[in-house]
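Step one of this worksheet: look at the structure below.
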Amino acid sequence: MKTIVSTVKGARDFYPQQMAIRNWLYHHITRVSRSYGYEEYDGPFLEKIELYAAKSGEELVKEQAFVFPDRGGELITLRPELTPSLARMVAQKQGELLYPLRWWSFGPFWRYEKPQKGRSREFFQWNIDLIGVDSPEADAELIAICADFFRAVGLAPDQVQVFVNDRQLMDAEFDRLGIPAELKKKALHLIDRREKMSPEAWKAYAAEEGFSDNMLAGLAELLEDKQTWKQSPRLTRVFEILKAAGAVDYVAYEPRIVRGLEYYTGVVFEAKEITKEGRSILGGGHYGNLVSDVGGDPLPGVGFAMGDMMIQVVLEKFGLLPAAGGTPAEILVTVFDESLSPESARLAADLRGAGLNVVTYPDAQKLPRQFKFADKIGVRFVLVVGPDEVMAGTATVKDLSERTQETVAREKVAEYIKTRLAG
RNA sequence: GUGGCUGUAGCUCAAUGGCGGAGCAUCGCACUGUGGAUGCGAGGGUUGUGGGUUCGACCCCCAUCAGCCACCCCA
């Protein structure tokens with residue numbers, strides 16, 4: 001026992017039960033993505049560190065990426081996010097791709113973080129982007145995809161919400177409040193920090209950063225006003241579209257959402273569980289230029305990313321995770337004794353040929369043990385082929401859930417079971 | 001990266017510094033052509049790891065690892 005080598009910190013074993021949940025998530029992600037016409041893609045899991053050097057939050061690469069030298073001495077990074085890879089993939093074929101581009105992906109990422117609930121060092125992430133358009137319709141489409149996904153997994157609008165804001169609206173409001181250009185970035189940061197500090201600490205912090213009392217009062221007011229979006233033609237349009245698309249129940253304007261990543265230039269959004277003001281489930285927004293950092297021509301887009309950990313935390317809280325997997329088999333074929341084991345193998349093969357999932361007991365153990373095993377793994381039907389059945393060309397089919405049993409001609413067994421399964 | 005809480009059987013948890021236990025689970029038997037129930041029995045532990053204090057450590061101290069929580073940051 002003591003010699004078992006533990007998993008790498010922050011990495012997870014996927015036992016069948018967890019694997020079933022991962023596949024279930026993947027299934028819904030696939031369906032929603034495809035329903036909007038998005039194509040699946042993926043990038044490499046390993047990238048050169050330079051790819052991340054210029055882009056996306058300095059801290060992400062410097063402090064949170066797994067970086068190691070390969071045997072040739074080159075610094076290799078386990079990808080901490082997908083956007084830079086996506087940017088390269090688009091830039092490499094910028095001229096030949098057909099826009100707008102609708103692409104999605106679900107795969108593993110690594111970040112050297114301190115693991116806790118809803119956060120590990122190896123996680124899966126859904127990335128989805130609409131590239132090559134700049135319209136509010138595009139923003140609305142991605143937000144509607146969030147809403148559709150939540151609906152698909154059973155989350156209701158009173159459980160999760162997509163909170164939306166527009167950085168350009170904030171920018172205009174900053175102008176109105178007399179906040180100079182050099183303070184705007186700090187102002188966004190200040191908004192981001194508002195909920196994490198007491199009002200006093202927040203004010204002190206703001207004063208330290210160079211904000212006047214007037215600006216501060218204006219900012220505080222801006223954060224309380226849930227109607228400001230009406231000043232923004234873009235947000236007005238986004239909400240109009242979301243209403244028409246039947247997604248607006250899941251969406252709300254929220255001035256406190258500004259998002260940390262600097263490449264967002266327009267609409268930004270973040271989904272949260274609303275009952276506890278929890279951590280964000282997913283986040284995204286509009287970026288003005290995806291590919292310039294990797295040498296392409298300016299190309300706008302909108303996208304979001306959702307990690308697999310937080311969504312599972314939320315789904316579990318609301319009892320929405322699918323029931324544990326168990327065996328995919330419907331049938332267990334017992335082995336009466338060693339001499340008749342080929343009969344069982346033949347019957348099992350026939351049933352598999354008919355499209356059924358069949359477990360054979362791998363040993364000529366006593367029948368009670370085989371039945372007990374069948375019960376525990378959760379198959380519905382147990383088949384017995386003993387001397388009597390072989391003589392008569394039949395098989396005995398016991399339905400564990402109905403507690404009934406019938407002896408059926410061998411060639412009719414598959415049909416018999418299918419009928420019972422359908423009924 | 002910072003601060004805090006917790007590590008005892010497969011799981012959930014007990015055990016004043018003095019013989020490490022229970023429930024559930026597992027396995028066996030009652031029960032050689034039929035599962036769940038019941039009864040009886042069995043196996044399972046370097047008390048996360050490594051040091052220290054002590055006549056004696058699951059218990060106290062130090063370190064370390066892991067999990068969780070709050071920051072940081074974000075998904």
Side-chain angles (χ1 to χ4, degrees), chain A residues 1-12 15 25 56-65 79-83 106-128 146 189 192-193 195-197 201 257-262 264 269-273 278-285 303-314 332-337 340 361 364-390 395-407:
Chain A
M1 283 307 290
K2 289 294 176 261
T3 58
I4 292 178
V5 177
S6 63
T7 54
V8 170
K9 181 172 182 166
R12 291 169 290 167
Y15 287 87
L25 267 181
S56 72
E58 324 68 46
E59 179 170 345
L60 189 59
V61 176
K62 280 192 196 138
E63 295 177 16
Q64 294 191 345
R79 61 179 188 182
E81 60 161 338
L82 189 58
T83 305
F106 182 78
F109 296 86
W110 295 266
R111 288 184 197 173
Y112 198 82
E113 302 225 44
K114 193 159 180 172
Q116 52 186 272
K117 196 168 199 162
R119 171 191 291 184
S120 63
R121 290 183 172 180
E122 181 179 65
F123 56 94
F124 283 75
Q125 199 177 70
W126 176 25
N127 284 265
I128 182 162
C146 296
H189 187 61
D192 204 30
R193 297 196 50 94
E195 283 176 45
K196 293 162 184 167
M197 304 173 88
I257 300 295
V258 292
R259 312 244 349 120
L261 292 177
E262 287 181 17
Y264 291 126
F269 54 93
E270 200 167 301
K272 291 182 174 186
E273 180 204 336
R279 266 201 298 273
S280 74
I281 300 167
L282 61 82
F304 69 81
M306 181 187 81
D308 71 317
M309 302 277 294
M310 265 317 287
I311 186 68
Q312 279 186 59
V313 169
V314 173
L332 180 138
V333 179
T334 59
V335 173
F336 191 82
D337 59 30
L340 290 181
Y361 202 85
Q365 294 277 356
K366 295 186 292 189
L367 276 183
R369 179 192 278 259
Q370 299 189 40
F371 270 84
K372 207 170 277 192
F373 179 73
D375 183 50
K376 280 184 181 160
I377 65 171
V379 295
R380 179 167 167 190
F381 299 98
V382 179
L383 272 51
V384 178
V385 194
D388 299 346
E389 287 86 355
V390 170
T396 296
V397 181
K398 179 156 186 176
D399 183 334
L400 293 185
S401 64
E402 303 284 321
R403 311 178 71 163
T404 57
Q405 172 169 320
E406 243 178 286
T407 298

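It should be emphasised that the depicted structure is a prediction, and the values quoted were computed from it without experimental measurement. Computation of the quantities below employed the complete heavy-atom set of this structure, encompassing side-chain atoms and omitting hydrogens, waters and symmetry-equivalent molecules. First the proteins, then the strands, lettered A, B, ... as listed; each starts at 1.
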Q | Base-pairing assignment for B/U54 (Watson-Crick or G-U wobble, both under 3.5 Å) | A | none

Q. Considering only side-chain heavy atoms of A/K366, which listed nucleotide, B/G33, B/U34, B/C29, is closest?
A. B/C29

**Q.** A/R119 side chain vs A/M309 backbone, donor-acceptor pair below 3.5 Å
**A.** no

Q) Does B/U32 have a Watson-Crick or wobble partner in any strand here, with both distances under 3.5 angstrom, and which is it? A) none

Q | A/K398 side-chain N/O to B/U34 phosphate OP1/OP2 under 4.0 Å | A | no

Q | Who pairs with B/G43 - Watson-Crick or G-U, where each distance is under 3.5 Å | A | none

Q) For A/Q64 and B/C71, what is the distance between atoms CD and P respectively, to the nearest whole Å? A) 16 Å

Q: Searching all strands shown, indicate the nucleotide that pairs with B/A70 (Watson-Crick or G-U wobble; both distances under 3.5 Å).
A: B/U2

Q.
Using atom C1' in both nucleotides, what's the gap between B/G4 and B/C40 to the nearest angstrom?
A. 49 Å

Q) A/R119 has an atom CZ; how far is it from atom P of B/C72, in whole Å? A) 10 Å

Q | Identity of whatever pairs with B/U8 - Watson-Crick or G-U, under 3.5 angstrom | A | none

Q: Quick one: label A/E389 by what it contacts on the DNA or RNA (base, sugar-phosphate, nothing), any heavy atom closer than 4.0 Å.
A: base

Q. For A/F373 and B/G35, are the ring centres under 5.5 Å apart with planes inclined under 30°?
A. no

